[in-house]
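The analysis underlying the following values was restricted to heavy atoms, covering all of them including side chains, and did not include hydrogens, waters or symmetry mates. In what follows, chains are A, B, ... by sequence order, proteins preceding strands, each numbered from 1.
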Protein chains: 2
Amino acid sequence: MRPPTIRDVADRAGVSKSLVSLVLRGSEQVRPEKREAVLRAVTELGYRPNAAARSLSEQRTRTVGVLLNDLRNPWFVDMLEGLNSLLHDNGLHMLLADARLNRRTGQDPAGPFLDLRVDGLVVVGTLPDPAALGAVAERLPVVVAGAREPALPGVAVVANDDERGARLVTEHLIGLGHRRIAHIAGYGAVGELRRRSFEATMRAHGLADGAVVESSDMTEEGGYRTTVRLLSRPDRPTAVFAVNDIAAIGALSAAEESGLRVPRDLSVVGYDNTSIARLRHVWLTTVDNASHEVGRRAARCLLDRFEGATGAGELHLAAPTLEIRGSTAPPLTG
Amino acid sequence: MRPPTIRDVADRAGVSKSLVSLVLRGSEQVRPEKREAVLRAVTELGYRPNAAARSLSEQRTRTVGVLLNDLRNPWFVDMLEGLNSLLHDNGLHMLLADARLNRRTGQDPAGPFLDLRVDGLVVVGTLPDPAALGAVAERLPVVVAGAREPALPGVAVVANDDERGARLVTEHLIGLGHRRIAHIAGYGAVGELRRRSFEATMRAHGLADGAVVESSDMTEEGGYRTTVRLLSRPDRPTAVFAVNDIAAIGALSAAEESGLRVPRDLSVVGYDNTSIARLRHVWLTTVDNASHEVGRRAARCLLDRFEGATGAGELHLAAPTLEIRGSTAPPLTG
């Protein structure tokens, strides 16, 4: 019951193994009748070309490793779909690992992928120790998706345009009439880009004095605590823009506990358009970060590298869009 | 400083390697004095059966594949932590794949794992085509975690006790004074166990007439639509027990849209204790399905199989507990 090998195909077709290889590579140097015999044997035996690719070239496994920063925040789901669609079209498999879990047990997060000799690695999200990937990037093609770090030589970065996304949110709130707007900020390069863009947009509208920034750890609990602080200020903001959806969910809870109704008394906006933001019970205004597109472009970068492109460590940005839902409205007058 | 091998144990005990294997498998066919000699040698040498298995068979990749049924529903996160903790303690890596993504592109969901020659496979959740794993189970150890299917010869199943969980929910609602209780049912073996237990518990309390069952597809949208139907009944229920948290979230939205306040006008309960149920903004009463424990036991089953245990296709059940939060209360009188 073992799967058929290239040797079985060669035997059935009455040719040599190397001729089977030539046919499977699409070589023009094979006579038509031999080619037909090989392809017939492949079909009859149910021989899988992926297995062939492996035996032809001992280095390729036709598998791409995807390292996720944290499985608990479901923002990466659409990105995986984008990645998978293009990788699959190119005969590649995708396997995942959770960097947070590996880190908790002291494992090298990319270790299992290296051991299994994956062909390339996609890093999704900001890792706590991005520099650790430097050694990996010397051994195989690495693409970062949905984050800006690590900035390593030769590593392509594909992300959504965080500055543009933050500007869309801020202009939406200003357009509704809000003048005192708080930003629950995050960390890392992504957090900084969103915060700076919020501040720049407020300044551009002459509202620098109405801009409040409080930092957070980008978790639900962090968003909750930060909002409790914000709402206890004498000049409390009428709108809160959180660095991500999970922190915005925390802000919704804080508003509820303070007896404020969203969006009547307080507007709340997130970032990422996660499945949680789309729940009818939450229905959060947020930024769609073009995850599917980011995933597809990351796959494209990796495929280019497989085909020999020497990566210059380029940056690709996808355009985010604003998803206006039920958590934003004009402020109460007075 | 190499770790001791099965050969070292055999030499010290003065027996053959195959006799050591028999003892380690717990065989009854070994004479007591031989068994003692082997176990003494194991202890004195600090021999680890796992390390042995590795050095005996060069085919081992020290990697376990984990096939998830759907990454969009985050109920599996705690289970992965449980799995990972025990696998890591035994020097094994864990790689993941999303069966839903693979299926959408027509891939054999376990294919990439087989190609990379993982040592074993853990299937998490109910797959749409569980029978497809039959061929895999003939080639390597397979354990099902958090589901009851596929029921395949030699495949261990580790799950929470769904009947007990559903009984805890139903008794909680009856204890609060509810007499008309609806169940939003699911599909598959898990859905059936929860539904039957709900009905049995209602009957046992003389409330068979107050039990309403409506089926759903176990999604948020399904929970929403089912609850809209339930709330439009003339004898509308005062409590809804949904087959999982995601469907319960849909029920919360339907109640909100009908102008009913939860828990004052309607109690809602889920199942799984997902991260969504724990969000302060949701704060859903639910069943904690002991995911971490299920993950650990699934890892244990797999390790036993690596050590040569011939799996009898046994069923392991972990005890679920009720998490009472903010979505349940006594019904309004009158």
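Residues B:H93 and B:H88 fail the side-chain proximity criterion, which asks for heavy atoms closer than 4.5 Å. Using a 4.5 Å heavy-atom threshold, the side chains of A:T226 and A:E214 count as touching.
Proximity to chain A is limited to the side chain of B:I276, based on heavy atoms less than 4.5 angstrom apart. Residue contact with chain B, scored on non-hydrogen atoms closer than 4.5 Å, is absent for A:I246. Residue A:L116 touches chain B through both its backbone and its side chain, counting heavy-atom pairs closer than 4.5 Å.
With hydrogens and angles left out, the side-chain atoms of A:S85 and A:R296 include a donor and acceptor closer than 3.5 Å. One side chain, B:N289 or B:D272, offers a donor N or O that lies under 3.5 Å from an acceptor on the other.
Checked for salt-bridge contact, B:R100 and A:E81 meet the test: a charged N lies under 4.0 Å from a carboxylate O. Electrostatic pairing of B:R300 and B:E293 does not count as a salt bridge here, judged by no charged N lying under 4.0 Å from a carboxylate O. Ion pairing between B:E220 and A:R278 fails under the 4.0 Å rule for side-chain N and carboxylate O.
Around atom CZ of A:R229, more than 12 heavy atoms belonging to other residues, nucleotides or ligands sit under 6.0 Å away.
The greatest number of non-hydrogen atom pairs below 4.5 Å with chain A, out of B:D78, B:I249, B:V118, is found for B:I249. Each of A:L80, A:T274, A:L279, A:D98 has some count of heavy-atom pairs under 4.5 Å with chain B, and the biggest count is that of A:L279. With respect to chain A, the highest number of heavy-atom pairs below 4.5 Å among B:V77, B:L68, B:L95 belongs to B:L95.
A donor-acceptor pair under 3.5 Å links the side-chain atoms of A:D245 to the main chain of A:N273, judged by distance alone.
Contacts from residues 261-270 of chain A to chain B, taken as heavy-atom pairs separated by less than 4.5 Å, involve no residues at all.
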